[in-house]
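Remarks on the structure that follows.
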Amino acid sequence: MYEYRELTDDEIMTLEDNGCTAEDWTCVSVDEYFNPSYIRNVRFYGTVKLGVFERDIEVGNGFAMHTGLRNVTLCNATIGDNCLIENIGNYINNYSIGDGCYINNVATIETTAEATFGEGVTISVLNEAGNGNVVLFRGLTSNIAALMVERAGDKELSAALRNMVRDDIATRQADSGTIGCNVRIVNTTEITNTNIGDNCEVNGACRMSDCTLAAEPGDSVYIGSGVICENSIIADGSSILNSAKVFNCFVGESSQITNGFTAESSLFFANTYMANGEACAAFCGPFSASHHKSTLLIGCMTSFYNAGSATNFSNHAYKMGPLHYGTLGRGSKTASGAHTLLPARIGAFSVCIGKIQSHPDTTAFPFSYVIGDGRETCLVPGKNIATTGLYRDIRKWPRRDVRMDVSKKSIINYDWLSPLTANGMMKGRELLADLWQNAGQETAFYTVGGNKLTDRSLQRGRGFYAMGIELFIGEVLISHDFGDTATASGAGEWCDLSGLLMPASEVERLVEKIKYGIIDSVRSLTDMLSAYNEKYGDYLWTFTLDLMKRYLGKDELTEDDFATMRERGKAAHEAWLDGIREDAEKEYRMGDIDRAVLDNFLEQLS
């Protein structure tokens, strides 16, 4: 805790000799060891408190200057120890600035009355013209945001969540703005009503207004040149660069918005990368990416997803060669048009799924291709389950999580084979069987939700889904034995709260706990979500037992059933790897990769 004293007459005389003036020198207080020698051309208004200026500070690579205040107007401000603040065009008004800060060539830094610093702003996500459904605050995670968005119609739940957030924000409300320790702000025009955490940097920005840069210790936020940011929260190692414009957004957990990207009323979580395009009312969950000027993400919900240009979407249709965002199948085209995939979130892992014309039947086809030529669309179910692209995705996503441990607030489950995808494959397999039985075995083409499906694709799809289900069960059985205890929850439907996989029944229990006040704070909610995630393995085992019964058509399982599914799981694993090898060798025969790349990939598989 700082202890301040009044200036001595000699110190006031030195300050005045250095070109300083004060509205009232008695309102300027200083640290016990204050030295006025490094304070020049400073005008003091209101209540001002100053630390010491006794050492150099690095302002560039290998370039240090002595700390102090030069060419500054201060009003109702507190300046910590060993800061260098100079060349402030207008003034610093109503701010507390921490130790070791370097602030140079800034027009205005000011906090006005009733500033919110971007917290408490309500935005409409997924529906740009709808009522607000997400409240921005520095503790927002993809999991909490998903709960707000997906249950927005539950007014009682929404009210409870908003009360939690309001109480959380109230603990940080203040009448003045805060700039933390070791912050750098240079060549920036305006900073208004913006809290800036420790070690953050704002370099060349145009305007920061009503924002919070909520950096965790050792995981700073960076704002670059030409950036305009309003009513937003930038957190946990994220950056906004190169003339990007962000309005009413949350950007968190090592996300990056750059190269002129414009975002409004959108959410960006956990390793998201956005460049060149636009987003409006978008929910960009973990590992969402967009690189193209023509990409507009509007009213959509994504994760583990690469948005391409125009109608193209890059997912894991790419193979072993260089990664081309925004293209499909290495940019290949049919004679009549580009191949188009419609990605969707399946579990914590985005996979290709046919979802055409909002027909309910087509939501049951995970790992599928949808190919359009302008006249009709063709569905190829399950094809993507045994490709080099999917295999590459499975391995790359955990490695691409660059968040520091302290910043891993959004919970992300990386299982590509999960209860969510397993349920999808079961539904897809059953639907394909029904199509085949009802349409007759001599049918060349089938129709699903207005999409054409060949007999060969149907039969292969059934095989792909059987392989995926047996692969999933076999992997779970590796760590379980017959007779292992199951939990009461886990069977049946599952939900994805933007990375957190939970049984649907547990989501309902969570909602009830919130509505009845059992969970009554942001902290208790985040703790509860973490507890659900820690029980994932228990829920997974219960789900697998139920899935085995459904798959085998049995009411009760025997030890022989376990032995059978273990063997089937091993065979499915080998068949899956064989399919990936075949896909890799096909790519080599097409001339897309050289032999060394192929051999290296095949060695990884073995």
### Query
Where is the tightest heavy-atom contact between Ala279 and Phe268, given as atom of each residue plus distance?
CB-CZ, 4.0 Å

### Task
Compare all side-chain heavy atoms of Met274 with those of Leu297 and state whether any distance is below 4.5 angstrom.
yes

### Task
Check the pair Asn384 / Thr387 against side chain to side chain contact (heavy atoms under 4.5 Å, CB included), numbers first and verdict last.
CA-CA 6 Å; Asn384 208 50; Thr387 62; 3.3 Å; yes

### Greater than 12 external heavy atoms within 6.0 Å of Gln604's CD
yes

### Non-hydrogen side-chain atoms of Tyr536 and Leu500 separated by less than 4.5 Å
no

### Query
Is Asn248 reaching over with its side chain to a backbone N or O of Glu264, donor-acceptor style, under 3.5 angstrom?
no

### Message
Restricting to non-hydrogen atoms, name the atom on Gly139 and the atom on Ile144 that form the minimum distance, rounded to 0.1 Å.
### Response
O-CD1, 4.3 Å

### Message
Test your reading of the model: is there a side-chain donor-acceptor pair from Ser142 to the backbone of Ser498, 3.5 Å cut-off?
### Response
yes

### Query
Got a donor-acceptor contact below 3.5 angstrom from the Ser530 side chain to the Thr526 backbone?
yes

### Query
Do Ser158 side-chain atoms and Asp154 backbone N/O form a donor-acceptor pair below 3.5 Å?
yes

### Criterion ring-ring contact (aromatic ring centres under 6.0 Å, His included) on Phe269 and Phe283, from CA distance to verdict
CA-CA 9 Å; Phe269 294 105; Phe283 190 125; 5.8 Å; yes

### Task
State plainly whether the residues Glu506 and Lys513 are in salt-bridge range, i.e. N to O under 4.0 Å.
no

### Task
Walk me through it: do Ile411 and Leu529 pass the test side chain to side chain contact (heavy atoms under 4.5 Å, CB included)?
CA-CA 8 Å; Ile411 299 169; Leu529 292 173; 4.2 Å; yes

### Task
Would you check if Arg429 and Met425 make a side-chain contact, meaning some heavy-atom pair closer than 4.5 Å?
no

### Query
For the residue pair Asn423 and Gly492, what are the closest heavy atoms and their distance?
ND2-O, 3.0 Å

#### Entry: Residues that Asn163 engages under side-chain hydrogen bond (donor to acceptor under 3.5 Å, both in side chains), provided they are two or more places apart
Arg166

### Query
Between Leu417 and Gly468, which heavy-atom pair has the shortest distance, and what is it?
CD2-O, 4.1 Å

### Message
Tell me whether Thr421 contacts the main-chain N or O of Trp416 through its side chain, where contact means a donor paired with an acceptor under 3.5 Å.
### Response
yes

### Message
Could you check whether any side-chain heavy atom of Leu136 comes within less than 4.5 Å of a side-chain heavy atom of Leu140, counting everything from C-beta outward?
### Response
yes

### Task
Considering only NZ, NE, NH1 and NH2 on the basic side and carboxylate oxygens on the acidic side, decide whether Lys515 and Glu512 come within less than 4.0 Å.
yes

### Message
With a 4.5 Å cut-off on side-chain heavy atoms, are Leu545 and Thr542 touching?
### Response
no

### Message
Working note: Thr377 + Asn451, criterion side-chain hydrogen bond (donor to acceptor under 3.5 Å, both in side chains); need CA distance, chi angles, decisive distance, verdict.
### Response
CA-CA 5 Å; Thr377 55; Asn451 307 287; 2.4 Å; yes

### Message
Looking at Asp415 and Ser418, would you say the former's side chain and the latter's main chain have a donor-acceptor pair under 3.5 Å?
### Response
no

### Query
Going by an N to O cut-off under 4.0 Å, is there a salt bridge joining Arg462 and Glu430?
no

### Query
Are Asp236 and Arg403 within salt-bridge range, i.e. N to O under 4.0 Å?
no

### Query
From Leu126 CG over to Ser124 OG, what is the distance, rounded to the nearest 0.5 angstrom?
8.0 Å

### Distance (rounded to the nearest 0.5 Å) between Ser410 OG and Leu497 CG
11.0 Å

### Message
So that I can tick it off, tell me whether Asp578 and Arg581 are bridged by a salt bridge, with the cut-off set at under 4.0 angstrom between side-chain N and carboxylate O.
### Response
yes

### Query
How long is the gap from CD on Glu253 to CG on Asn271, to the nearest 0.5 Å?
8.0 Å

### Query
Taking Asn438 for the side chain and Leu435 for the main chain, is one N or O donor matched with an acceptor at less than 3.5 Å?
no

### Query
Sub-3.5 Å donor-acceptor pair from the side chain of Asn306 to the main-chain atoms of Ser290, do we have one?
no

### Task
Flag yes if more than 12 heavy atoms outside Arg595 fall under 6.0 Å of its CZ atom; otherwise flag no.
yes

### Query
Going through the distances and angles, do Ser288 and Ser303 end up as a side-chain hydrogen bond (donor to acceptor under 3.5 Å, both in side chains)?
CA-CA 5 Å; Ser288 297; Ser303 61; 5.9 Å; no

### Query
Quick check: are there more than 12 heavy atoms from other residues, nucleotides or ligands sitting under 6.0 Å from CG of Asn131?
no

### Residues Lys408 and Asp405 bridged, charged N to O under 4.0 Å
yes

### Task
Would you mind reporting whether Leu161 and Met148 have side-chain heavy atoms less than 4.5 Å apart?
yes

### Message
Check the orientation of Tyr465 and Phe365. Use parallel for under 30°, tilted for 30 to 60°, and perpendicular for over 60°.
### Response
parallel

### N/O donor-acceptor pair under 3.5 Å between Ser266 side chain and Ala281 backbone
yes

### Query
Any ion pair linking Lys570 and Glu567 (charged N to carboxylate O, less than 4.0 Å)?
yes

### Phe287 ring center within less than 6.0 Å of Tyr273 ring center
no

### Query
What class does the angle between the rings of Phe562 and Phe482 fall in, given that below 30° is parallel, 30 to 60° is tilted and above 60° is perpendicular?
perpendicular

### Message
Taking Gly285's backbone N and O only, do any of them form a donor-acceptor pair with Thr272's side chain (distance below 3.5 Å, no angle check)?
### Response
yes

#### Entry: Test log, rule side-chain hydrogen bond (donor to acceptor under 3.5 Å, both in side chains), inputs Thr388 and Asp583
CA-CA 6 Å; Thr388 56; Asp583 192 49; 3.3 Å; yes

### Query
Can the ring centroids of Tyr391 and Phe601 be said to lie less than 6.0 angstrom from one another?
yes

### Message
Please give me the minimum heavy-atom distance between Arg162 and Asn133, naming the atom from each residue.
### Response
NH2-CA, 3.9 Å

### Task
Compute both the distance and the angle, then confirm whether Lys452 meets the cation-pi test with Phe445: under 6.0 Å from the six-membered ring centre, within 45 degrees of the axis.
yes

### Query
Between Phe543 and Phe472, how do the two ring planes meet: parallel, tilted or perpendicular, split at 30° and 60°?
perpendicular

### Message
Please report the interatomic distance CD(Glu585) to CD1(Ile593), rounded to the nearest 0.5 Å.
### Response
9.5 Å

### Query
Side-chain contact, heavy-atom cut-off 4.5 Å: Leu147 with Leu510?
yes

### Query
Could you state the interatomic distance from OG1 (Thr544) to NE2 (His480), rounded to the nearest 0.5 Å?
7.5 Å

### Query
Where do Leu379 and Ser457 come nearest, in terms of heavy atoms and distance?
O-CB, 4.2 Å

### Task
For the pair Ser489 and Arg509, evaluate side chain to side chain contact (heavy atoms under 4.5 Å, CB included) and give the outcome as yes or no after the intermediate values.
CA-CA 11 Å; Ser489 299; Arg509 289 190 179 93; 3.0 Å; yes

### Task
Taking only Lys NZ, Arg NE, NH1 and NH2, and the carboxylate oxygens of Asp or Glu, determine whether Asp561 and Arg566 approach each other closer than 4.0 Å.
no

#### Entry: Heavy-atom side-chain contact between Val134 and Thr122 under 4.5 Å
no

### Query
Quick one: OH on Tyr414 to CD1 on Ile394, what's the gap to the nearest 0.5 Å?
14.0 Å

